[in-house]
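Below is one structure, written out as C-alpha cells; comments come after it.
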Amino acid sequence: MRYFLNRLGFLLISIWAAITLNFILPRMMPGNPAEIIFAKFQGHMQPQALKALKLQFGFSHQPLIIQYFQYLGNILTGHFGLSYTYYPTTVASIIANSLPWTVGAVGLATLISILVGTFVGILIAWRRDGVLDRTIPIITMFFQSIPYNWSAFMLLFVFGFTLNWLPMYHGYSSSVNPGFNGPFLSSVLYHGVLPVVTIFISGVSGWIVGMRNNMINTLGEDYVVFAEAKGISGRRLMFSYAARNALLPQVTGLAIALSSIVSGSILMEQVFSYPGIGFQLNTAVSNEDYPMIQGMFLIIALSVLIANFIVDMLYVRLDPRVRTGGASS
Amino acid sequence: MTTGVAAEKGPVMTGNPVRRKRFRTLRAFVKNPRAIAGMMILGLFAGLAIFAPLLARYNPQASVFLPMQPPSAAHWFGTTNTGQDLFSQFVWGTQATMMVGIGGGLIMTVLGVTIGMYAGYKGGTVDAILNVLTNIFLVLPTLALLIVIESYIRNTTPLINGLIIGLTGWAWGARVFRVQTMSLVGRDFVVAAKLSGQSDLRIMFTEILPNTYSILASNLMYSCLGSILAEAGLAYLGYENVNANSWGTILYWASSGNAMLTGAWWWFVPPGIAIALVGMSFALMNFAIDQITNPRLKSGKRRRKRHVTATPSA
C-alpha cells in the first residue's frame with residue numbers, strides 16, 4: 001500500500017511537472033515566441049479562440065500565477081485549445097484520432113521485442129561463451145545504435161521501393177473505408193508491418209543483452225547451484241529457476257526503455273507518414289500550430305508516465321519483496 | 001602486494017591505491033581485443049573529424065556536379081539531387097556530429113555526476129527532491145521534449161542542439177551515480193575523510209568520484225552516443241539550420257530529396273552506418289570495461305561451463 005501511494009504520488013508530481021514545463025517553456029524562450037504566434041493567429045480566429053490562445057501563451061495582463069492556475073484548469077478539464085492547422089477542430093479530437101495508431105504500433109512492437117529478446121537472452125546466457133553468445137551481443141549493439149529513422153529508411157527502400165512487397169506510406173490504403181470491416185483491418189495490418197519492424201529492430205537488442213546479463217547473475221546464485229546439485233533437469237533449471245528471477249530487472253528496464261521507444265516512434269512515424277501522435281507533433285511544429293504542439297507533447301508525456309505507473313504496479317505483483325519491504329524505491 | 005588489499009578496505013590516504021588499481025584496469029583495457037576494436041573504429045571517425053579540411057575535396061554545399069551520381073572515383077559517396085559531393089558532406093558532417101556527440105555527452109555526464117553524486121552523498125530531503133527530479137527527466141520522452149523546445153527556438157546550429165540535448169539528457173547518469181555514491185558513502189575512507197574535516201565538495205570529487213571511474217567512462221560513452229542519436233533525429237526532422245552540415249542533415253536532405261523513391265541509396269546509407277559504427281565502438285569498449293571490472297561477467301573459468309557440456313540438448 002505504501003509502495004502504491006509512493007508511486008501514485010510520483011505519477012501525479014511528474015504529470016504536474018510535464019504540464020508546468022509546457023506552461024513555462026514558451027514564456028522562457030528568447031525572442032518572445034508568444035508574440036510571433038499571436039501575430040500569426042490574429043484575424044484568422046474567432047475572438048473567443050483568440051482569448052483562449054492569449055491565456056495559453058501568456059498574452060494576458062494578469063499576474064503569472066493567475067495565468068498559471070487558469071492554464072491548469074483548462075488542461076484538467078481537457079481544453080487543449082483549437083488546432084490552427086485543422087481549424088476549427090479541437091486538439092483533443094486530433095489526439096483521439098492519432099493516439100490509437102501510435103499506441104498500437106508501439107505496443108505491438110514492444111511486446112514482440114520483449115518476448116523475442118528475453119528468450120534469446122536466456123538461450124545465449126545458458127550457452128555461455130558459445131558462438132551465439134560471442135556474436136549476438138555485438139551484432140545487436142550495431143542494430144541498437146542505428147537511429148530509428150535510418151532503419152525505417154532502409155526498410156522502406158528495400159521492402160517498399162526495391163522489392164515492392166510492402167506499402168511505403170500511411171496507416172491504411174486510401175481505397176478502403178475506415179471502420180470495423182475486413183478490408184480496412186487487413187490494410188492496417190499490411191501497412192503496419194514496416195513501422196512495427198522498425199521499432200522491433202532497434203528495441204530488441206536491449207532486451208537480449210539485458211536478459212543475458214541478468215541470467216548470468218542469477219545462474220551464479222546459490223539456489224541455482226543447489227537446484228543443479230539436486231538433479232533438476234536443464235530445461236527446468238533454465239526457465240523455472242534462473243530465468244524467472246532474471247525477468248524482474250527486465251520489467252524495470254521496460255519503464256526506462258519506454259521514453260526512448262516513444263522517441264523512436266516519433267521518427268518512425270515521420271518516415272512512414274504514419275498517422276500517429278509523433279507525426280502530428282511534427283506537422284504541428286512545421287505549421288507553427290502551437291496549441292497542437294502543446295497538446296501533443298502533453299499527451300505523449302502523459303501516456304509514457306501512465307505506462308510507467310502500470311509497469312510499476314506490475315512489478316509489485318511480480319516481486320513480493322517490494323510490497324513487504326517498502327524501503328526500496 | 002599490500003596495496004591491492006588496502007584498496008579494498010579503503011585506508012585513510014586513498015590516493016595511491018586507487019590510482020594504482022586504475023592503472024591496472026587501464027592496462028587490461030588497452031589489451032582487451034574488444035576495447036582495441038572499439039578504439040580503432042572511434043579513432044577512424046575522430047581522424048575524419050580532425051582532418052576534415054584536408055580530406056574533403058570539395059565545398060560540401062556547392063551544387064556544381066552532375067546530380068544523382070552513384071559512387072565513383074571522383075565522388076566516393078556519389079552526389080545529391082542538386083549535384084553536391086556527398087563525401088565532402090559526410091566528412092564535414094563527421095566533424096559537426098562528433099562535436100555535438102562529445103559536447104552533449106560531456107554536459108550530460110557532468111550534470112548527471114554532479115546531481116547524482118550530490119543526492120547520494122547528502123541523502124535526506126535533498127536526495128528525495130533531486131531523486132524525483134531525476135526520475136521525471138528519466139521518464140519524460142526526450143525527443144518530444146526536444147522537439148517542443150526546438151519549436152520555440154528556430155534554426156538552431158549543431159552546437160546549440162548539443163547544448164539542449166545535454167541539458168535534457170542527464171537523468172540516466174544521475175540515477176546511476178546516486179546509487180553508486182550511496183553504496184560508497186558509508187565506507188571507511190569516506191568517513192575518515194569527513195572526520196579529517198574535508199569539505200563535502202572535496203570528498204565527492206576526490207574520494208568518491210575516483211572510485212567510480214569505470215562507471216564514469218561507460219556513462220560518458222553512452223551519453224555521447226545518446227547525443228549523436230538525438231542530433232541525428234532532430235536534424236532529420238528538420239530542426240536544425242538547413243545550411244548546417246551533420247550526419248542528421250544529410251538524412252534530412254536525402255529524405256526531402258526523395259532518395260528512397262529514386263533508388264539513391266548512396267545518399268542515406270553512409271550516415272546511418274557511421275552512427276551505428278560509432279555506437280558499436282562505444283558498446284565494444286563498454287563490454288571490455290564490464291568484463292574487466294565485473295567479476296561475474298568475466299568469461300571462462302566459471303562453473304557455468306560445466307552446464308554447457310552437461311546439458312547439450314537444453
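Naming convention: chains lettered A, B, ... in sequence-line order (proteins, then strands); numbering from 1 in each chain. The structure displayed is predicted, hence computed values, not measured ones.
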Please classify the contact between [X] and chain A as side chain, backbone, both or neither, with a heavy-atom cut-off of under 4.5 Å.
| X | result |
| --- | --- |
| Leu145(B) | both |
| Phe282(B) | neither |
| Leu140(B) | both |
| Ile228(B) | neither |
| Asn286(B) | neither |
| Leu251(B) | both |
| Leu133(B) | neither |
| Val278(B) | neither |
| Leu284(B) | side chain |

side-chain contact (heavy atoms from CB on, under 4.5 Å) between Met154(A) and Val269(B): does it pass, once the steps are laid out? CA-CA 8 Å; Met154(A) 291 305 285; Val269(B) 166; 3.9 Å; yes
Report which part of [X] has an atom under 4.5 Å of a heavy atom belonging to chain B: side chain, backbone, both, or neither.
| X | answer |
| --- | --- |
| Leu258(A) | neither |
| Val285(A) | both |
| Phe142(A) | both |
| Ala17(A) | side chain |
| Leu21(A) | side chain |
| Ile300(A) | both |

Can you tell me if Phe239(A) has over 12 outside heavy atoms packed within less than 6.0 Å of its CZ? yes
Among the options [options], pick out the one with the most heavy-atom pairs lying under 4.5 Å from chain A.
| options | answer |
| --- | --- |
| Leu277(B), Ile147(B), Leu146(B) | Ile147(B) |
| Gly272(B), Gly279(B), Ser281(B), Ala259(B) | Gly272(B) |
| Gly263(B), Ala283(B), Gly233(B) | Gly263(B) |

Whether Trp150(A) side chain and Phe268(B) backbone form a donor-acceptor pair below 3.5 Å: yes
Any non-hydrogen side-chain atom of Ser259(A) less than 4.5 Å from a side-chain atom of Thr142(B)? yes
Mind checking whether Phe161(A) and Thr262(B) have side chains closer than 4.5 Å, heavy atoms only? no
For Tyr252(B) and Asn149(A), which I'm curious about, is there any donor-acceptor pair between the side chains at under 3.5 Å? no
When you look at Phe153(A) and Tyr236(B), which way does the ring pair (Phe, Tyr, Trp, His ring centres under 6.0 Å) test go after all the steps? CA-CA 11 Å; Phe153(A) 276 3; Tyr236(B) 158 69; 5.4 Å; yes
Test side-chain contact (heavy atoms from CB on, under 4.5 Å) on Val139(B) and Leu305(A); report intermediate values, then the result. CA-CA 7 Å; Val139(B) 290; Leu305(A) 293 175; 3.3 Å; yes
